[in-house]
Amino acid sequence: AADVPGERWNGLLYNDWPGFVAEGEEVRYVGDVVAAVAAVDRHTAREAASLVEVEYQPLPAVLDPAAALEPGAPRVNPVHDNLLSRSVIRRGDADAALAASAHVVSGTWTTQRIEHLFLEPESALAEPLSDGRLRLCSQGQGVFDDRRQVARFLCIREDRIFAEMVPNGGAFGGKEDMSVQAQTALLAWLTGRPVKLTLSREESVRLHPKRHPLTMHFT
């Protein structure tokens with residue numbers, strides 16, 4: 001994290017996801033990135049990454065959205081409260097309509113958390129160009145979002161990044177958020193050499209966001 005020249009926190013709507021978790025900060029899930037290693041080949045890089053030692057202090061976990069809204073619940077993210085937002089839509093007089101109804105039925109429905117499990121894992125390529133720009137080949141789903149967030153990460157103007165979308169195979173929404181683009185760009189920016197970063201299947205499942213479950217109360 002100390003090597004990030006710009007803002008470590010990125011996001012599509014809120015900048016609430018760290019590209020690197022700094023020493024002494026809290027990690028929030030098993031996919032949080034604490035370090036990245038660049039090497040001349042995959043084997044050497046993974047051998048070096050296995051030498052990184054991290055000391056963790058277990059803290060009370062918040063595993064249920066309803067529990068996260070209880071008074072005194074641990075704050076999950078330092079950028080915003082556990083209640084991210086509230087939306088209210090009103091149309092007509094629902095109370096009067098229900099009161100005049102012959103039958104009223106209420107229920108609660110839930111959906112499951114979905115792992116997108118696309119065949120092609122996340123992969124990005126960053127290459128320093130001779131004119132001082134950085135070429136970023138991204139497997140994401142939004143070239144301008146990726147360019148904006150990587151530029152913010154590196155603390156450079158957006159026009160210094162030539163971002164290019166490459167065919168990402170499956171995505172289904174799971175590649176809208178950043179995954180490896182910022183870390184790949186940083187490694188290339190610091191080393192001055194092309195860097196390619198590809199997640200293993202296990203790393204992909206651990207790292208990328210999931211299609212979140214819903215709990216819906218209807219009357």
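At least one donor-acceptor pair closer than 3.5 Å links the side chain of Asn82 to the backbone N or O of Ala68. Side-chain atoms of Arg160 never come within 3.5 Å of backbone atoms of Ala151 as a donor-acceptor pair (strictly under, hydrogens ignored). With hydrogens and angles disregarded, no donor-acceptor distance shorter than 3.5 Å links the side chain of Gln181 to the backbone of Met178. Distance alone, capped at 3.5 Å, is enough to place a donor-acceptor pair between the Arg75 side chain and the Asn77 backbone. Of the possible polar contacts, one joining the Asp64 side chain to the Ala66 backbone as a donor-acceptor pair under 3.5 Å is found. In this structure, the side chain of Asn10 does not engage the main chain of Asn15 through any donor-acceptor pair within 3.5 Å. Judged by distance alone, the side chain of Arg8 and the main-chain N or O of Ala1 form no donor-acceptor pair under 3.5 Å. Panel note: side chain Ser204, backbone Ser200; no donor-acceptor pair is recorded below 3.5 Å. A distance-only check finds a donor-acceptor pair linking the side chain of Gln141 to the backbone of Lys175 [under 3.5 Å]. With hydrogens and angles ignored, the 3.5 Å screen pairs no side-chain donor or acceptor of Tyr56 with any backbone N or O of Val27.
For Glu115, the CD atom sits in a packed shell: over 12 heavy atoms of surrounding residues, nucleotides or ligands are nearer than 6.0 Å. For Tyr29, the OH atom sits in a packed shell: over 12 heavy atoms of surrounding residues, nucleotides or ligands are nearer than 6.0 Å.
Rounding to the nearest 0.5 Å places CD of Glu7 at 12.0 Å from CG of Leu154. A distance of 11.0 Å separates CG in Asp146 from CD in Glu158, rounded to the nearest 0.5 Å. Taking CG of Asn168 as the start and CD of Glu120 as the end, the distance is 7.5 Å to the nearest 0.5 Å. Summarising the geometry, atom SG belonging to Cys137 is positioned 7.5 Å from atom CZ belonging to Phe162; distances are rounded to the nearest 0.5 Å. One distance of note links CD of Gln139 with CZ of Phe118; it measures 7.5 Å at 0.5 Å rounding. Within the model, atoms CG of Leu136 and CG of Leu125 stand 8.0 Å from one another, a figure rounded to the nearest 0.5 Å.
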TODO: Tell me, with the steps shown, if Thr198 and Glu122 meet side-chain contact (heavy atoms from CB on, under 4.5 Å).
DONE: CA-CA 6 Å; Thr198 302; Glu122 295 82 352; over 6 Å; no
- [ ] Check the pair Arg211 / Arg113 against side-chain contact (heavy atoms from CB on, under 4.5 Å), numbers first and verdict last.
- [x] CA-CA 6 Å; Arg211 184 171 298 162; Arg113 177 179 288 105; over 6 Å; no
- [ ] Test Val34 against Glu23 for side-chain contact (heavy atoms from CB on, under 4.5 Å), laying out the working first.
- [x] CA-CA 8 Å; Val34 297; Glu23 184 177 357; over 6 Å; no
- [ ] Step by step, work out the side-chain contact (heavy atoms from CB on, under 4.5 Å) result for Leu98 and Thr219.
- [x] CA-CA 8 Å; Leu98 291 172; Thr219 300; 4.0 Å; yes
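Of the residues Asp177, Leu12, Val150, the one that meets the side chain to side chain contact (heavy atoms under 4.5 Å, CB included) test with Asp145 is Leu12.
Counting heavy atoms from C-beta on, the side chains of Val21 and Val33 never come closer than 4.5 Å. Contact annotation: the side chain of Arg201 approaches that of Pro121 to within less than 4.5 Å [non-hydrogen atoms, C-beta and beyond]. Contact of the Pro5 side chain with the Leu186 side chain is registered, since non-hydrogen atoms from C-beta on lie closer than 4.5 Å. Using a 4.5 Å cut-off on side-chain heavy atoms (C-beta onward), Phe20 and Phe153 make contact. The shortest distance between side-chain heavy atoms of Arg90 and Val88 falls below 4.5 Å. Taking the side chain as every heavy atom from C-beta outward, Arg133 and Ile161 never approach each other to under 4.5 Å. Residues Ser123 and Leu199 form no side-chain contact, since every pair of their non-hydrogen atoms from C-beta on lies 4.5 Å or further apart.
Criterion: ILVMFWY side-chain heavy atoms under 4.5 Å apart, direct or through other members. Under it, Leu190 and Val180 are part of a common hydrophobic cluster. Cluster membership for Leu214 and Phe218, using ILVMFWY side-chain heavy atoms within less than 4.5 angstrom, is shared. Residues Leu13 and Leu84 share a single hydrophobic cluster, defined by chaining ILVMFWY side chains whose heavy atoms lie under 4.5 Å apart. Hydrophobic cluster membership differs between Trp17 and Val76, with clusters built from Ile, Leu, Val, Met, Phe, Trp and Tyr side chains linked at under 4.5 angstrom.
Ring geometry for His80 versus Tyr14: interplanar angle over 60°, hence perpendicular rather than tilted (30 to 60°).
Among all heavy-atom pairs drawn from Pro18 and Arg28, the shortest one is CG-NH1, 4.0 Å.
Of the charged side-chain nitrogens involved, at least one lies within less than 4.0 Å of a carboxylate oxygen, so that Arg46 and Glu203 count as a salt-bridged pair. No salt bridge links Lys196 with Glu127; every basic N to acidic carboxylate O contact stays at or beyond 4.0 Å.
Checked by atom type, the side-chain pair Thr108/His217 shows a donor-acceptor distance below 3.5 Å.
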